[in-house]
Amino acid sequence: MLAGLPGSVEIREVGPRDGLQNESTIPVDERIALIDALSVTGLAAIEAASFVHPKAIPPMAGSAEVMQGITRVPGVRYRALVPNERGTMDALACNVDEIEVVMSISETHNYKNLNMSPDDSVTQIIDLTELAHQEKTPVEAILSTAFGCAYEGDISPKRVAQYARKVLDEAGVDGLSFGDTSGMATPRVVSELLDALEQVEIDISQIGLHFHNTRNTGLANIMFAMQRGVSRFDAAIGGLGGCPYSPGATGNVATEDVVHMVEDSGARTGIDLDKLIGCGQLAEQLVGRQLPAQVLRSGPRTRTVAS
Ligand code: ZN
């Protein structure tokens, strides 16, 4: 095992939501089939749905049907993103295991994505967290554009840390995750954010990180963050994804590639890579094109090619 890494790392699958929301609409039964296939790979958490208004993000229409149609595997947490009170009520009615609320640290991106200021988003997160906690459902706040913004450029790590502290203290969220919406993170930028979080006494072994592979730094960012003690990362099957409100944002890091690298480093994910590769193939069938995941094509390094 590589020195200094966490013994186990949680990889959270975000393809069925973050990935598919950028595709032309995939039928509900196919979304269910993808989630069901992912559910038996050993993944501990799957972002399964988004309870947004269907006009805002048409590919996420039918999220309640998706949640009701999947076969829930014990031990897997099925998570859903919510943008407002209505979405939170709908998600709770579907018995999601975790609610995700999102805000951007970038003022411009937050207005484009959520039509409000970051401070108003904090107020909203307070309200939505209270609502979810009444149903004993945990809430994670996702702070997006945490490593830079396509509109505003660099984002001050200190500003990210201040908002992180604020949502923890004022909303009492159960978890924090930091999103690299436009794929601007590099190991240096990750290092600066982790330093800033430690300065406001946030335990970085408890946070999650979400990288996009826009500039091909996703895996380097994950390895660097693991060496700093971060043990939770989002990834999308096949490398699906992007962000409709962030120009040029490409796919998430691919789950196959991340699991392959993390397992090889000696940290355990609990995920069966062969089954995961099968899910990547299914994802390619659903979207009808080749996806960027590399291990999906090559297989793991231990697989010798007989030719
Ligand atoms: Zn993403």
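Residue numbers count from 1 along this sequence. We count ligands from 1, going down the list as the structure has it; atoms in each ligand are counted the same way. This one's a predicted model, so the numbers in the text were calculated from it and none came from an experiment.
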Quiz item: Looking at the Zn ion (ligand 1), which N/O/S atom of H212 is the nearest one?
Solution: NE2

Exercise. Indicate, with yes or no, if V66 and F51 share a hydrophobic cluster defined by side-chain heavy-atom contacts under 4.5 Å among Ile, Leu, Val, Met, Phe, Trp and Tyr.
Key: yes

Practice problem: May I ask you to check if any N/O/S atom from N252 comes under 2.8 Å of the Zn ion (ligand 1)? | Solution: yes

Quiz item: Does a donor on one side chain sit under 3.5 Å from an acceptor on the other, for H212 and D180?
Solution: no

Exercise. Starting from the Zn ion (ligand 1), look over the N/O/S atoms of D18 and name the nearest one.
Key: OD2

Exercise. For residues Y78 and S39, determine if any side-chain heavy atom of one lies less than 4.5 Å from a side-chain heavy atom of the other.
Key: yes

Exercise. Identify the heavy atoms of G299 and I277 that sit nearest to each other, and give their distance.
Key: CA-CD1, 4.3 Å

